[in-house]
Amino acid sequence: MDETNRRVAELLHFMGQLLEIRGEDTFKVRAYHRAAEQITRLNRSLRSMNGEEIRQIEGIGERIAQKIQEILDKGTFQELETIRAGIPATLIELLNLEGVGPKTIARLWRAMGIQSLEDLERAARGHRIRAIKGFGERKEQEILHAIDLYRRQGSRMTRLQADQVVQCVTAVLPLGTYDVAGSYRRGKSTIGDIDIVVALSPSSVNPRLREIAQEVIDEGDRRTSIRCEGQRVDMRFTKENEYGSMLLYLTGSKEFNIRLREIALSRGLKLNEYGIEDRRDGKLHTFPREEEIFTFLGMEYIPPEIREDQGEISLAFQHSLPQLVSQTEIKGDLHTHSSWSDGHLTLEELANAGAAAGYLYLLCSDHSASLGIAHGLTEEKLRDQMGEIEWINRNSPCQILTGTEVDILTDGTLGLSGSVLKDLDLVVASIHSGFKQERDAITRRMITAITNDHVDIIGHPTGRLLGERESYDIDMIRVIDAAADARTALEINASPHRLDLDDLHVREARNKGVKLAIGTDAHDEKELSYIKYGIMIARRGWCEARDFLNTMDEDALRKFAS
DNA sequence: GCCGTTTTCGGCCCGACTGTTTTCAGTCG
């Protein structure tokens, strides 16, 4: 994200949190958080926008626009500084504690002078909190537990970790009685908690959940929350004739639900997780399937991946949503490694694995020799490999395309010479070193590679490793513009450890006409299945089949590369 | 604080569960 935008969003969020602790109107608090959220989604720098343009952003009115202007001029805004002077900033951290909200924090601070996590822990251990009216022994225990959880809690789950938790929980549910909803179903690149809708009676499910749960957070007839593999799992019980409503509700996103309910309300309809009530005649409509709710409202079905209140709702009313790409339209994987470098499959095994996956082709993109750690290929080895591939292709239903994942060196030149690159079917170029270069340098380095005639695809464009490494500091707006001009494709690296590009950049790239390439970066056969994660990201980025190289047949692909 | 073919003022999604409560506030999703 643009550095200025990041700063502005951060301060607006901060303002929202301070107001929350001050006990201000929740709608005012929400306005700040919403404005901040909108800015993180912005596809251009606030610095390049005038006051009128900023004011046009949905959810930003006159007052917040003024504050943004102040931040742009002075780095902060007066009202924030005034409030900040009256509230210890360390209180904000306490908002992260499960079961502890702004009201509790404010009371603890006012009544006992508790300012930090450490203060709170001491007070709870010393049994001093129960002295405050409305707090008891249980609350003390709950606070200590929340502090412990917060300290041990890692970042959000990768899709792989989420799959494990899902497997653990759904092992006690008969197939066909449940759906995993929430951000998992929306295809997000990382998952906060697991939400499950189940069409069984709580009396039959709750005992089974107790057996597999590390901890039962709370248990009821309509909702049960447990912790499993260290992660929170929320389960909602529903009747079959209301299943669609519950699934819609639990899939979210929150913003999407709010907007949809607002729209329903403006038409005299009350929408909740049990159905739709017509307020004029009091009639309650129930929906076994999600599709029926959209139809009832006169809308096109909105796929879970784009339910974010980012324009999809009005398009659904006009019946003009994009036809999101699906797995069956993918003709091949455009990023794999073989045993010639650091992969585990021989070329022949790779071809067989591709055929088993139903692919017409696979791009073998082993590393170039400049990257010592991954047993990279020299030009000579690469030419040997091309020979073997030609031989294997004669008898394989799945063709191996010759290629490489060549290093983008620190000056933007490539780790292999043009004389060999020009003979390959497709060239993927990626940054694997010099992550610390400053923003402008690394951006220009990337653009040099993008404009190199031999480069067809930029691999994992931001370099992030989920939960491990931030992306390098790169100006993706410039990168995407350059890719559009040079007609170079950007990769959606489908490895669940990367998912790079992420959805917002994908949508931006697509809007600018940049072609995308999904590649799993597979090093063994199992990892070819990661393609599904890449498709989720592509769908979240509103992509259709025509936005991809992977949906082309071999001839069209070669034509693109030439 | 935002927003507007029901409103420039008065709305702002809706419901589940817990604790410490005698009817509800706080938190969460």
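Heavy atoms only: backbone and side chains are in, while hydrogens, waters and symmetry mates are out.
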- line: Of the listed dC13(B), dG29(B), dC14(B), the closest approach to the Arg232(A) side chain comes from dG29(B)
message: Under 4.0 Å, heavy atoms only, any strand: does Val29(A) hit a base, just the sugar-phosphate, or nothing?
response: nothing
- prompt: Once you round it to whole Å, what is the distance between C1' of dC28(B) and CG of Asp218(A)?
  reply: 9 Å
message: Looking at Glu262(A), I'd like to know if its CD atom is crowded, meaning that more than 12 non-hydrogen atoms belonging to other residues, nucleotides or ligands lie closer than 6.0 Å.
response: yes
message: With rounding to the closest Å, how many angstrom separate the P atoms on dA16(B) and dT20(B)?
response: 22 Å
message: Among dG26(B), dG29(B), dC13(B), which nucleotide has an atom closest to any side-chain atom of Asp193(A)?
response: dG29(B)
query: Which nucleotide sits closest to the side chain of Arg138(A): dT27(B), dT20(B), dC12(B)?
result: dT20(B)
field: Closest to the Glu262(A) side chain, choosing from dG1(B), dC13(B), dG15(B)
entry: dC13(B)
- prompt: Is any side-chain N of the basic residue among Glu290(A) and Arg185(A) closer than 4.0 Å to the acidic one's carboxylate O?
  reply: yes
query: Between Lys139(A) and dG26(B), does any side-chain N or O lie under 4.0 Å from OP1 or OP2?
result: no
task: Write down the distance separating the P atoms in dT6(B) and dC2(B), rounded off to the nearest Å.
output: 23 Å
- request: Check the pair Asp163(A) / Tyr184(A) against side-chain hydrogen bond (donor to acceptor under 3.5 Å, both in side chains), numbers first and verdict last.
  value: CA-CA 9 Å; Asp163(A) 282 338; Tyr184(A) 184 92; 2.5 Å; yes
message: Over all strands shown, is Tyr249(A) touching base, sugar-phosphate only, or nothing at heavy-atom distances under 4.0 angstrom?
response: base
query: Counting side-chain heavy atoms from CB outward, which of dG29(B), dG15(B), dG1(B) is closest to Asp195(A)?
result: dG29(B)
- request: Find the distance Gln66(A):CD to dG1(B):C1' and express it as a whole number of Å.
  value: 12 Å
- prompt: How far, in whole Å, is dC17(B) from dC12(B) if one measures between their C1' atoms?
  reply: 24 Å
- request: Would you classify Leu97(A) as touching base, sugar-phosphate or nothing, given that sugar-phosphate means primed atoms plus P, OP1 and OP2, and contacts are heavy atoms under 4.0 Å?
  value: sugar-phosphate
- request: Using only side-chain N and O atoms of Tyr274(A), determine if any of them is under 4.0 Å from OP1 or OP2 of dC13(B).
  value: no
field: Minimum-distance nucleotide (side-chain atoms of Pro102(A) versus dG1(B), dT27(B), dA16(B))
entry: dT27(B)
- prompt: Can you find a side chain N or O atom of Arg107(A) that sits less than 4.0 Å from OP1 or OP2 on dA25(B)?
  reply: no
- prompt: For Glu137(A), which contact category applies under a 4.0 Å heavy-atom criterion: base, sugar-phosphate, or nothing?
  reply: sugar-phosphate
message: Is the phosphate of dC28(B) approached by Arg223(A) (side-chain N or O, under 4.0 Å from OP1 or OP2)?
response: no
- prompt: Looking only at side-chain N and O atoms, does Ser266(A) come under 4.0 Å of OP1 or OP2 in dT6(B)?
  reply: no
- prompt: Would you say a side-chain N or O of Lys67(A) is under 4.0 Å from OP1 or OP2 of dG1(B)?
  reply: yes
Basic-acidic side-chain contact under 4.0 Å: Asp473(A), Arg439(A): yes
message: Measuring only the C1' atom in each nucleotide, how far is dG10(B) from dT23(B)? A whole number of Å is fine.
response: 28 Å
message: What contact category does Leu265(A) fall into here, base, sugar-phosphate, or nothing, at under 4.0 angstrom with non-hydrogen atoms?
response: sugar-phosphate
query: Atom CZ of Arg34(A) and atom C1' of dC3(B): how far apart are they, to the nearest Å?
result: 10 Å
message: Measuring only between side-chain heavy atoms, which start at C-beta, is Val233(A) closer than 4.5 Å to Leu209(A)?
response: no
message: Taking the six-membered ring of Tyr301(A) as reference, does the cationic atom of Arg307(A) (NZ for Lys, CZ for Arg) lie under 6.0 Å from its centre and within 45° of its axis?
response: yes
- request: Select base, sugar-phosphate, or nothing to describe what Lys133(A) touches, counting heavy atoms under 4.0 Å on all strands.
  value: nothing
message: Checking base pairs now: Watson-Crick or wobble, both atom distances under 3.5 Å. What partners dT8(B)?
response: none
- request: Report the residue (Phe135(A) or Gly99(A)) whose heavy-atom-nearest nucleotide on DNA chain B is the more 5′ of the two.
  value: Phe135(A)
Arg138(A) atom CZ, over 12 foreign heavy atoms within 6.0 Å: no
- prompt: When you match Lys103(A) and Arg236(A) each to their closest nucleotide on DNA chain B, which lands nearer the 5' end?
  reply: Arg236(A)
field: Nearest-Å distance once atom C1' is located in both dG1(B) and dT5(B)
entry: 24 Å
task: Send over the distance from Arg63(A) CZ to dC3(B) P, rounded to a whole Å.
output: 12 Å
task: Nearest whole angstrom, please: distance from the P of dC2(B) to the CD of Glu62(A).
output: 8 Å
query: Nearest 0.5 Å, what's the CG-CG distance between Leu248(A) and Asn257(A)?
result: 6.0 Å
- request: Rounded to the nearest angstrom, tell me the gap between atom CD in Glu79(A) and atom P in dG1(B).
  value: 6 Å
query: For the pair made of CG in Leu95(A) and C1' in dC28(B), what is the distance, rounded to whole Å?
result: 13 Å
field: Listed nucleotide nearest any side-chain atom of Arg30(A), set dG1(B), dC13(B), dG15(B)
entry: dC13(B)
field: Nearest to side-chain heavy atoms of Lys270(A), which nucleotide of dG19(B), dG1(B), dG15(B)
entry: dG15(B)
message: Base, sugar-phosphate or nothing for Asn257(A)? Non-hydrogen atoms, less than 4.0 Å.
response: nothing
task: For the side chain of Arg55(A), starting at C-beta, report the closest nucleotide among dC13(B), dG1(B), dC3(B).
output: dC3(B)
- prompt: Within this structure, what is the CD1-to-P distance between Ile143(A) and dG26(B), rounded to whole angstrom?
  reply: 14 Å
